[in-house]
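Indexing begins at 1, ligand by ligand and atom by atom, following the structure's order.
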Amino acid sequence: MERVYIGLGSNLDEPQEQLRSAINALHELPDTLLAATSAFYSSESLSPGQPRYTNAVAALDTALAPLDLLDSLQAIEAAQGRERKERWGPRTLDLDILLYGDQLIDIPRLKVPHYHMQARPFVLYPLAELVPADFLLADQRSLAQLLADCPFVGLERL
Ligand code: ROI
């Protein structure tokens, strides 16, 4: 089993409900235990002109291989009406593999640790709820340092 952290985001069709149903779907994944979920956080979209996002992070213990997990997450996104039109467009549900055990993954379909997480307070602060204060990412960066470089600005804990 590997401990995996998933970032959840939604800014369409009742975002909090989208996150709740996604968490239920994560709970149902085969060979996987949902270990914990963070609080929900609301923030402005990083791309202007979109509705606000609701974000959260979930911790899973899973025996699914990274790409099998990615397939499962994309199936949950599709089941909740995700349409892949423009990159960075508004979405009913976004599920990102942030961290997969202590693995570094860099293939076209999947980069872990997730590329943008260090700059995103709506990922780092919910993640911080689920890990010890001295937590290190697989690339040895400390979460405490990433948090120090990414102020809690514009985030609203729901
Ligand atoms: N902005 C916020 N606040 N939360 C997100 O999850 C999010 N996801 C995105 C973009 C459009 C970059 N902005 C976001 O993909």
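For H116, the NE2 atom counts as densely surrounded, since its 6.0 Å shell holds more than 12 non-hydrogen atoms of other residues, nucleotides or ligands. The environment of CD in Q103 is crowded: more than 12 heavy-atom neighbours from other residues, nucleotides or ligands sit within 6.0 Å.
No close placement of the Y41 and F122 rings is indicated, their centers lying 6.0 Å or farther apart.
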Distances under 3.5 Å, N/O of ligand 1 against N/O of the protein: list each pair and its distance.
unit_1: ligand 1; atom_1: 1 (N); unit_2: L46; atom_2: N; d: 3.2
unit_1: ligand 1; atom_1: 3 (N); unit_2: S43; atom_2: OG; d: 2.8
unit_1: ligand 1; atom_1: 3 (N); unit_2: E44; atom_2: O; d: 2.8
unit_1: ligand 1; atom_1: 4 (N); unit_2: N55; atom_2: OD1; d: 3.0
unit_1: ligand 1; atom_1: 6 (O); unit_2: N55; atom_2: ND2; d: 2.8
unit_1: ligand 1; atom_1: 13 (N); unit_2: L46; atom_2: N; d: 3.3

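R109 and Q74 are linked by a side-chain donor-acceptor pair at a separation below 3.5 angstrom, with hydrogens and angles left out of the test.
Remark: the backbone N or O of L8 is paired with a side-chain donor or acceptor of N55 at under 3.5 angstrom. Under a 3.5 Å cut-off, the side chain of S45 and the backbone N or O of P48 do not form any donor-acceptor pair.
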